[in-house]
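Just so we're on the same page: letters track the sequence lines, and every chain starts at 1.
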Amino acid sequence: MRIRRLLIPALLCAAVPAGAQQRGNDHGSVVIIMGQEPSTPIPTLLNGSANIAVSDLLFLRLARPGPGLTTTEERSFEPQLARSWSRRDSLTLVFEMDPRARWHDGVPVTARDVVTSFARVRDSTVDPQRALLLRYLASVIAENEHRVVVKFRRAYPGQFYDASFHVQPLPAHLVEQIPRGRAFANSEYVKNPVGNGPYRWVRRDPGRQLELQANPGFFLGPPKLDRVVFLTAQDPEAQMNLLLDGTADLFEAVPPVSGPVRLARSPTTRLLTVPSLSVLYLLINQRAPGDRERPHPILGDVEVRRALAMGLDRLNLARSTYGRFALPAEAPAAQAHWTRGLVPGGPGYQPAAARALLARRGWVDRDGDGVLEKNGVPLVLRLSVPATSATRAIMAPQVQEQLRRIGIRVEIVRLDFPVFIQRRNKGDFELDLSVANMDPSPSGIVQSWSCAGRAGSNVAWYCNAALDSLLDRTIYTGDGNEKSWRSAYAMIQADVPAVFLASPANSIAVHTRYRNVSFRPESLYGDLWRWSVDPGRRIARDGAGAPSR
Amino acid sequence: MIRWILRRLLQAAATLVVVVLLLFVLMRLAPGDPLARLVGDRDLAPGEIELLRERYGVGRPVLVQLRSFLAGAARGDLGVSIEHYPDRVTSLLASRLPATLLLGGVVLLLNFTLGIWLGVRQAVRRGSRFDRWTGRLALTAYAMPGFWLGLVLVAFVSLRWQLLPAAQMTDPMLPPDADLGTRLVDLLRHLALPALTLSLTSIALTMRHQRAAMLSVFRLDYVTAARARGLPESQVRWGHAWRNTLVPMLTLLGLWLPILVSGSVFVESVFNWPGLGSLAAQAIASRDYPVLLGTAMLVSGAVVLAGLLADLGYALVDPRVRPS
């Protein structure tokens, strides 16, 4: 009796879903779970994928790469703020702005906005990362209200990509008066940004959610979903539970092994895969840990590195870690890169040949303990892994076991992410399992695999002048043909600065009521404004309509 | 009495300063780069990383950082979060505190009302079936880890029976201008499971303490005397016996009070409850020193304040410990 008395109010509460009374709208809504909080989705303040995802709904670029992500062909790009473009010469690009484009406050988007935004981004004190990417730009000029002229210092195939992709213009009439730096980050504009994209800002509840509302005057066509809510949930269990109990509609990082099993029980959710721009690899430090002046006594030998590559079964590693959501990798080219098909086949899994190769270099198991030795030194290597990465935690013991079979003892060192990065940046590691989230352009490989990259993300200090020269010809002198890319990848494979293991796909769970669902590797929600809800399958929150601010 | 309170307040302030200094130094000694997540796999030159360090104030010597922090703290400014840049730490704490206070407050209320009532009832009915069964249930509940219990409740109540939401503090689609009744119902639905998870284990502990304290008091002469005087049993139980168990219960309350602001890292994470516990966990994982220090200061302050309140409580309920 008493139990029933307690249960009735609880059941009554449960029977009244919030917002159930707010039906009657023809459109729809989407609730997206994010692992990180999008706190500053403003171009020039961007950091992290969550901010980028929101920013791509608020701000357009001049143009975006076509579906094939071919970043070296101007014709393959799709118009956004620029309705057309042309070349005056090999160093000059001219963009004609779409006169229909408007900021969310109704002011037209003009060439002045583009020029102002380029000036901000090229200021290395504002956005050091993008300033570096735009180092070959000479000037950006507004010839008239709707014409932007971009001049380069040198001719190279990626000019158009650099001019159109890296900068999302900000409204000059709102941001010009705000000083750059911290004052901008703390400005009212950043708290209530005004963009030009398909969705406009509604509000952010720190630590909870961020809400956008459809921009009915969007010049490329009104979005069909009225509301987009980004929920912040960092706990993997909470993320899946929010999806399975119907609170959310979309989750872009479904755990590749356990996720599909749990989602199979949900009839309203389907799992989609989208090629990603990330590559998982075993980074090999060729310098002594913590002392980059000295070569690594074991890993400085290219034959030992080749043996490591031959001792790892990429196909099995990719499948056991990512299920069907990854492809084995042979080079720093991700699933979504247009150059992926140009990567030559690697040495493959040959444990016997790996052991023979090590024996030729003097590594032999003399005491029969299963670990090879040379001059009394056992072949023992430390593998750093960030403790927070579930996939790398699964993969590390498998790498350890596979290398054990060829006589290498691997000691796994699990580190907090900040410690992992700190050691990585100091070169204080021997092997580490890294994930590179790469640029849509394959030219981004210069960041990690060129001598110049040693000042930045080439933390293992790999340097091959011949490769640098080849990459320079391929990327910056207009010689960017397929043969050059093949040679560049083959050269990296021969040097083995890393063992490239897998290129995972984005595994995305999405509610089955949506139509026209598509995702883009370089901007996952870039086409969200084209989605719609099947009219026969609306749920309560689809009729919620636009909230008042 | 006022001098005693002032002296205790001064002691509490001194304790807090020492704790803050210790925390500040220990955090900087811990390995790990606070800019790790921002720098990540990006191509940033050392000069550019230094620029970021300067922006976040982590590139300066520890003593300079400490001086700057103390100057800011004196003005009520705890700096800018690294992970949530450009949010200020004080505004982050202020935005998370209500959720933690609500959850902690409900848990504390359930804990000390149900826990005390059940404990007293157990003691009164010592050896009965009720005493045995509630004792076993309490032991079982106390033995269950909170995060596991939370996951089990979600699996059944939310996912299988679909009675209550699995996570969040509010429905994400609830309009901000929804009427008070709708918002209250929504809040209660979301609060139910995390509050139940935290309460089940804590009630068990309070109940066991209350039962033991009541049993020890029931044997005393003044209780027998009260009964002999013909006082009603409820007055003997609550007015005489229970009142004398307040000192150990106040000690327990003093230990539980900091949960009001510290939250529970595991439960807040499992239920995606936007409180200080999950904020602190995130700050630890990302070495967000300013936020970590802010939450640590708040929790330390709560612990010190709880101790002070417990001492005041002793003085109020027991004249023997009241300062002369």
What is the minimum heavy-atom distance between Pro274(B) and Gly207(A), and which atoms define it?
CB-O, 4.0 Å

To check you understand the geometry: which heavy-atom pair defines the closest contact between Pro172(B) and Arg227(A), and what is its length?
O-NH2, 4.3 Å

Does atom CZ of Arg129(B) have more than 12 heavy-atom neighbours from other groups under 6.0 Å away?
no

Check the surroundings of atom CZ in Phe69(B): do more than 12 heavy atoms from other residues, nucleotides or ligands lie under 6.0 Å from it?
yes

By a 4.5 Å heavy-atom criterion (distance strictly below it), what part of Leu151(B) contacts chain A: side chain, backbone, both, or neither?
side chain

Which answer fits Arg287(B), side chain, backbone, both or neither, if we ask what part of it has an atom under 4.5 Å from a heavy atom of chain A?
both

Residues in ring pair (Phe, Tyr, Trp, His ring centres under 6.0 Å) with Trp161(B), at least two apart?
Phe156(B)

Side chain, backbone, both or neither: which part of [X] has an atom under 4.5 Å from a heavy atom of chain B?
X         : result
Leu231(A) : side chain
Thr232(A) : backbone
Asp416(A) : side chain

Between Lys191(A) and Asp87(B), is the salt bridge (charged side-chain N to carboxylate O under 4.0 Å, His left out) condition met? List the steps.
CA-CA 10 Å; Lys191(A) 288 173 191 147; Asp87(B) 290 349; over 6 Å; no

Asp235(A) and Asn272(B): CA distance, side-chain angles, deciding distance, side chain to side chain contact (heavy atoms under 4.5 Å, CB included) verdict
CA-CA 7 Å; Asp235(A) 183 79; Asn272(B) 204 34; over 6 Å; no

Are the side chains of Ser278(B) and Gln234(A) in touch, meaning some heavy atoms are under 4.5 Å apart?
no

Can you find a pair of side-chain heavy atoms, one from Asn241(A) and one from Ser158(B), that are under 4.5 Å apart?
no

Is it true that Arg541(A) and Asp171(B) make a salt bridge, defined as a side-chain N closer than 4.0 Å to a carboxylate O?
no

So that I can tick it off, tell me whether Arg160(B) and Asp245(A) are bridged by a salt bridge, with the cut-off set at under 4.0 angstrom between side-chain N and carboxylate O.
no

Arg262(A) vs Leu159(B), side chain to side chain contact (heavy atoms under 4.5 Å, CB included): CA-CA, chis, key distance, verdict
CA-CA 11 Å; Arg262(A) 294 189 70 186; Leu159(B) 302 184; 3.8 Å; yes

Here the gap from Gln209(A) atom CD to Met169(B) atom CE, rounded to the nearest 0.5 Å, amounts to 11.5 Å

Could you list the residues that satisfy side chain to side chain contact (heavy atoms under 4.5 Å, CB included) with Leu118(B), not counting sequence neighbours?
Phe130(B), Ile203(B), Met207(B)

Is it the case that the side chain of Glu237(A) and the backbone of Val270(B) share a donor-acceptor pair, with hydrogens and angles ignored and the cut-off at 3.5 Å?
no

